[in-house]
Amino acid sequence: MAAMIKKIGVIGSGQMGNGIAHVAALAGLDVVLNDVSSDRVKSAMATINGNLSRQVAKKIITEDARKQALGRIVSTETMEGLSDCDLVIESAVEKEEIKRKIFHDLCAVLKPEAIVASNTSSISITRLAASTDRPERFIGIHFMNPVPLMELVELIRGIATDDATFDAAKEFVTRLGKQVAVSEDFPAFIVNRILLPMINEAIYTLYEGVGNVEAIDAAMKLGAHHPMGPLELADFIGLDTCLSIMQVLHEGLADSKYRPCPLLVKYVEAGWLGRKTQRGFYDYRGDKPVPTR
Ligand SMILES: CC(=O)CC(=O)SCCNC(=O)CCNC(=O)[C@H](O)C(C)(C)COP(=O)(O)OP(=O)(O)OC[C@H]1O[C@@H](n2cnc3c(N)ncnc32)[C@H](O)[C@@H]1OP(=O)(O)O
Ligand SMILES: NC(=O)C1=CN([C@@H]2O[C@H](COP(=O)(O)OP(=O)(O)OC[C@H]3O[C@@H](n4cnc5c(N)ncnc54)[C@H](OP(=O)(O)O)[C@@H]3O)[C@@H](O)[C@H]2O)C=CC1
């Protein structure tokens with residue numbers, strides 16, 4: 001069944017979209033990468049090339065594999081450019097109305113037998129599927145950041161997702177060399193249901209003055225052996241994405257324990273979204289990151 005997936009489309013060429021394009025092209029799939037502007041896609045292609053080159057330098061892949069992978073990725077700014085893909089993975093911003101609009105425009109031109117997936121971190125797959133013309137061929141394929149390095153991909157079936165779609169998605173993920181964890185369709189699935197409340201709590205710890213940025217991150221890196229401190233990780237994920245996930249948890253589970261920290265809201269309102277805007281809990285504009293609190 002999964003042999004049918006030869007060509008994939010990726011919508012949104014940010015940090016996750018370019019990572020998905022990178023691993024799929026390395027695995028031998030043809031990739032069409034879509035974003036709203038040509039500048040965005042150009043910068044994504046440069047990032048992919050940089051990350052592939054690092055893998056060559058570390059002897060993880062060969063120079064030939066880098067060239068071949070790059071040659072398999074084409075870019076498009078239109079939905080028509082995705083029309084003959086076997087699988088399209090949406091990885092645009094974590095905003096339900098934007099994703100719905102993308103699925104509406106995509107399904108109008110995409111071949112009927114193609115599978116549509118979302119890389120959403122938190123939003124109901126059943127609800128997103130219901131906004132398409134093919135809920136039975138819709139699934140959550142949730143990659144982890146950074147995509148080329150993280151082993152896990154969560155698969156989330158919506159209420160209508162059929163077995164053929166699930167099997168094809170599982171085979172696709174396995175072909176990329178990733179491990180699958182199956183999650184039921186509840187807010188933020190498994191990883192983010194556990195990880196994001198921890199990050200939100202770290203932000204409350206900062207907000208309440210229990211520790212400063214450096215102390216909180218050092219505490220969790222050295223005291224709990226986390227590879228990144230929670231505030232460093234929040235900046236890495238993107239504070240807008242962190243806030244959206246907490247909002248989905250708060251609204252979807254109606255429990256005050258998921259209340260987004262007001263300090264997180266303030267950073268997002270300031271446009272301090274973390275690494276992608278060069279400022280978040282750290283300021284990345286200098287030689288090394290400097291805590292902002
Ligand atoms: C929000 C969601 O919906 C779900 C999520 O994804 S939640 C986030 C999940 N991810 C995490 O928790 C990540 C936690 N952090 C880590 O595991 C590690 O810090 C890490 C794997 C990111 C980096 O590991 P590290 O040992 O510190 O290595 P580091 O020296 O920074 O990088 C090692 C190599 O990784 C690669 N790498 C690092 N960042 C990368 C990136 N963003 N993209 C691609 N490759 C990257 C590079 O090849 C790098 O090699 P160089 O040293 O030559 O540059
Ligand atoms: N960050 C993370 O750690 C993880 C994120 N995710 C999920 O992946 C998705 C993407 O996140 P991430 O890559 O971090 O976000 P980024 O902000 O890095 O990238 C999002 C990209 O989508 C583009 N975009 C916005 N609207 C559209 C549109 N209508 N059509 C096409 N492209 C569009 C943005 O362009 P512009 O900037 O010009 O608006 C941007 O290039 C989200 O759903 C997120 O929750 C999943 C796992 C981990």
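Heavy-atom basis, side chains included; hydrogens, waters and symmetry copies ignored.
Side-chain contact between Ile245 and Cys242: absent, with no pair of heavy atoms (C-beta onward) separated by less than 4.5 Å. You'll find the side chain of Phe281 stays beyond 4.5 Å of the side chain of Pro289, heavy atoms only. Annotation: side chain of Gln55 is in contact with side chain of Leu26 (closest heavy-atom distance under 4.5 Å). In this structure, Asp240 and Leu243 have side chains that are not in contact, with every pair of non-hydrogen atoms separated by 4.5 Å or more. Using a 4.5 Å heavy-atom threshold, the side chains of Leu249 and Asp255 count as separate. Between Val31 and Val74 there is no side-chain heavy-atom pair separated by less than 4.5 Å. A heavy-atom distance below 4.5 Å is not found between the side chains of Phe172 and Ile115.
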Side-chain donor-acceptor pairs of residues 134-144 under 3.5 Å, sequence neighbours excluded:
from: Arg134; atom 1: NH1; to: Lys111; atom 2: O; distance (Å): 2.8
from: Arg134; atom 1: NH1; to: Pro112; atom 2: O; distance (Å): 3.2
from: Arg134; atom 1: NH1; to: Ala114; atom 2: O; distance (Å): 3.2
from: Arg134; atom 1: NH2; to: Leu110; atom 2: O; distance (Å): 3.3
from: Arg137; atom 1: NE; to: Pro112; atom 2: O; distance (Å): 3.2
from: Arg137; atom 1: NH2; to: Pro112; atom 2: O; distance (Å): 2.7
from: His142; atom 1: ND1; to: Glu154; atom 2: OE1; distance (Å): 2.9

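A salt bridge links Arg127 to Glu96: one of the charged nitrogens lies within less than 4.0 Å of a carboxylate oxygen. For the pair Lys221 and Asp217, the salt-bridge criterion is not met [side-chain N within less than 4.0 Å of a carboxylate O]. Under the 4.0 Å criterion applied to side-chain N and carboxylate O atoms, Asp163 and Arg157 are assigned as salt-bridge partners.
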Report the C-alpha separation of Glu63 and Arg66 in whole Å, then their side-chain angles, then the decisive distance to 0.1 Å, and conclude whether the salt bridge (Lys or Arg N to Asp or Glu O under 4.0 Å) test is met. CA-CA 5 Å; Glu63 172 58 16; Arg66 180 192 71 84; 2.7 Å; yes
Determine whether Glu90 and Asn119 satisfy the following criterion, side-chain hydrogen bond (donor to acceptor under 3.5 Å, both in side chains), listing intermediate values before the conclusion. CA-CA 6 Å; Glu90 170 280 317; Asn119 183 46; over 6 Å; no
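Looking at Tyr204 and Arg259, their side chains do bring a donor and an acceptor atom within 3.5 Å of each other. Side chains of Arg193 and Tyr258: a donor on one and an acceptor on the other come within 3.5 Å. Side-chain contact, Thr277 with Tyr284: no donor N or O sits under 3.5 Å from an acceptor N or O.
With sequence neighbours left out, Asn212 forms a side chain to side chain donor-acceptor pair (under 3.5 Å) with no residue at all. With sequence neighbours excluded, no residue forms a salt bridge (Lys or Arg N to Asp or Glu O under 4.0 Å) with Asp64.
Leu82 and Val36 fall into different hydrophobic clusters, defined by Ile, Leu, Val, Met, Phe, Trp and Tyr side-chain heavy atoms under 4.5 Å apart, directly or through other members.
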